[in-house]
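To start, the structure under review is shown below, and the notes come after it.
This one's a predicted model, so the numbers in the text were calculated from it and none came from an experiment. Start at 1 and go down the list; that is how both ligands and their atoms are numbered.
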Amino acid sequence: MNTMNQAISEIGVVPVIKLNNPERDAAPLAKALCAGGVPVAEVTFRAAGAPLAIKVMKETCPDMIVGAGTVTTAAQIDEAIEAGAQFIVTPGMDEDLVKYAQEKKIAIYPGCTTPSDYHTALKYGLEVLKFFPAEQSGGLAKIKAMSAPFPQFKVMPTGGVSLKNLKEYLSSPIIAACGGSYMVSATLIDNQKWDEITDLCKQSREIVKEARA
Ligand code: 3PG
């Protein structure tokens with residue numbers, strides 16, 4: 001795996017973040033994640049302030065790996081790069097976006113859940129795919145079935161991942177890391193529960209270690 005994929009895989013969990021108030025929340029959130037041993041974030045473009053959130057998180061914790069999620073247009077890839085994003089996540093497989101990200105030399109993790117998606121990913125030499133929405137698409141059983149014809153891919157299941165099923169996913173060598181919003185829910189962020197977020201990150205990291213022991 002390349003260096004960034006390796007680093008994300010070592011952390012094992014990727015918080016999927018929607019920040020409605022990046023001016024107020026991006027800096028303390030970045031600190032809370034890093035304090036919990038999870039120095040990585042997928043900041044989704046579901047909220048208009050995503051580029052600002054990415055910029056502030058990188059400035060606050062320069063060693064943190066910050067990427068952009070829910071990216072659906074090339075213009076958003078440009079905005080994400082401009083803000084300092086180090087990776088792009090798309091909900092589905094859009095070849096135009098994969099090509100564009102590769103032209104711009106930024107990592108992209110497209111959402112893939114079907115054999116056809118995996119065929120397309122092969123064409124672009126991708127190593128790690130987002131498997132989205134994970135639970136709703138068949139969970140680990142489907143990921144294992146897909147890995148039989150496509151053993152070259154590692155996946156980041158996202159969608160329905162929680163502290164309850166994290167260990168099960170991470171126990172499989174096909175899983176690079178799990179994405180999820182459970183440690184950065186809207187309620188936690190809106191109520192500025194930074195200590196609780198740090199605690200959920202610490203619990204997640206413990207599970208990563210147990211699953212891979
Ligand atoms: C995503 O965009 O990756 C998902 O919406 C996150 O799914 P979750 O909220 O079920 O963790």
Side-chain angles (χ1 to χ4, degrees), residues 4-5 8-9 11-20 22 25-26 29 32-33 36 38 40-51 53-54 57 65-73 76-77 79-80 85-94 97-98 101 107-114 117 121 126 128-143 146 153-170 172 174-191 193 196-197 199-201 203-205 207-208 211:
M4 191 168 63
N5 288 342
I8 292 175
S9 171
I11 299 166
V13 284
V14 178
V16 177
I17 296 162
K18 176 171 180 260
L19 273 189
N20 295 317
D25 295 332
L29 177 59
L33 296 173
V38 179
V40 60
E42 176 188 328
V43 179
T44 67
F45 269 69
R46 281 170 226 185
I54 291 167
M57 291 179 89
I65 303 170
V66 182
T70 321
V71 170
T72 55
T73 66
Q76 288 174 337
I77 293 180
E79 281 183 76
Q86 293 154 282
F87 65 85
I88 301 293
V89 183
T90 58
M93 169 51 84
D94 179 327
L97 294 181
V98 172
I108 183 162
Y109 305 112
C112 296
T113 51
T114 66
D117 293 336
L126 301 174
V128 177
L129 312 174
K130 172 163 171 157
F131 189 88
F132 175 77
E135 280 291 287
Q136 299 84 344
S137 304
L140 189 56
K142 179 150 185 200
I143 290 169
M146 296 275 286
F153 295 120
K154 301 274 182 203
V155 302
M156 283 200 270
T158 311
V161 174
S162 69
L163 286 178
K164 291 201 180 84
N165 56 16
L166 185 60
K167 187 170 178 184
E168 185 195 352
Y169 275 111
L170 289 168
S172 164
I174 311 163
I175 308 301
C178 284
S181 64
Y182 67 88
M183 74 294 261
V184 285
S185 68
T187 313
L188 289 170
I189 291 174
D190 291 344
N191 294 301
K193 300 283 186 193
E196 279 182 44
I197 289 173
D199 189 54
L200 285 164
C201 288
Q203 288 183 53
S204 303
R205 290 282 295 150
I207 292 173
V208 173

Checklist entry - Passes side chain to side chain contact (heavy atoms under 4.5 Å, CB included), L188 versus L200? Steps please. => result CA-CA 11 Å; L188 289 170; L200 285 164; 3.5 Å; yes
Checklist entry - To the nearest 0.1 Å, how far is atom 4 (C) of ligand 1 from its closest protein heavy atom, and which atom is that? => result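 Answer for atom 4 (C) of ligand 1: F132 CE1, 3.6 Å.
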Item to check | atom 2 (O) of ligand 1: the protein heavy-atom neighbour that sits closest, reported with distance to 0.1 Å | outcome: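 Protein heavy atom with the smallest distance to atom 2 (O) of ligand 1: R46 NH2, 2.2 Å.
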Next on the checklist: Checking M156 against V14 for the side chain to side chain contact (heavy atoms under 4.5 Å, CB included) test, could you report, in this order, the C-alpha distance in whole Å, the side-chain angles of both residues, the deciding distance, and whether it holds?
Outcome noted: CA-CA 9 Å; M156 283 200 270; V14 178; 4.1 Å; yes
Item to check | Contact (N/O only, under 3.5 Å) between G160 and ligand 1 | outcome: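 Indeed, backbone or side chain, G160 has an N or O that close.
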Item to check | N/O separation below 3.5 Å, K130 to ligand 1 | outcome: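 N/O-N/O distance below 3.5 Å exists for this pair.
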Checklist entry - Where the closest heavy atom to atom 8 (P) of ligand 1 is concerned, which of C178, P91, S181, S162 has it? => result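 The option holding the nearest heavy atom is S181.
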Item to check | Least distance between heavy atoms, M4 atom then A107 atom | outcome: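 It is CE-CB, 3.4 Å.
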Checklist entry - Of all heavy-atom pairs between L19 and A47, which one has the smallest distance, and what is that distance? => result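 That closest heavy-atom pairing would be O-CB, 3.2 Å.
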Next on the checklist: Heavy-atom pairs closer than 4.0 Å: do any link ligand 1 to the side chain of M183, the backbone, both, or neither?
Outcome noted: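 Neither part.
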Checklist entry - What do you reckon, does G159 put a non-hydrogen atom under 4.0 Å from ligand 1? => result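 Flag set, G159 near ligand 1.
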Checklist entry - If you measure from each heavy atom of E135 to ligand 1, is any distance below 4.0 Å? => result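 No, E135 has no heavy atoms under 4.0 Å from ligand 1.
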Checklist entry - So, does E135 use its side chain to make a donor-acceptor pair with the main chain of G159 at under 3.5 Å? => result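 No, the answer is negative, given that no donor and acceptor are paired below the 3.5 Å cut-off.
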Next on the checklist: Tell me if the NZ atom of K142 is crowded by more than 12 foreign heavy atoms within 6.0 Å.
Outcome noted: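 Yes - once you tally the heavy atoms of other residues, nucleotides and ligands closer than 6.0 Å, there are more than 12.
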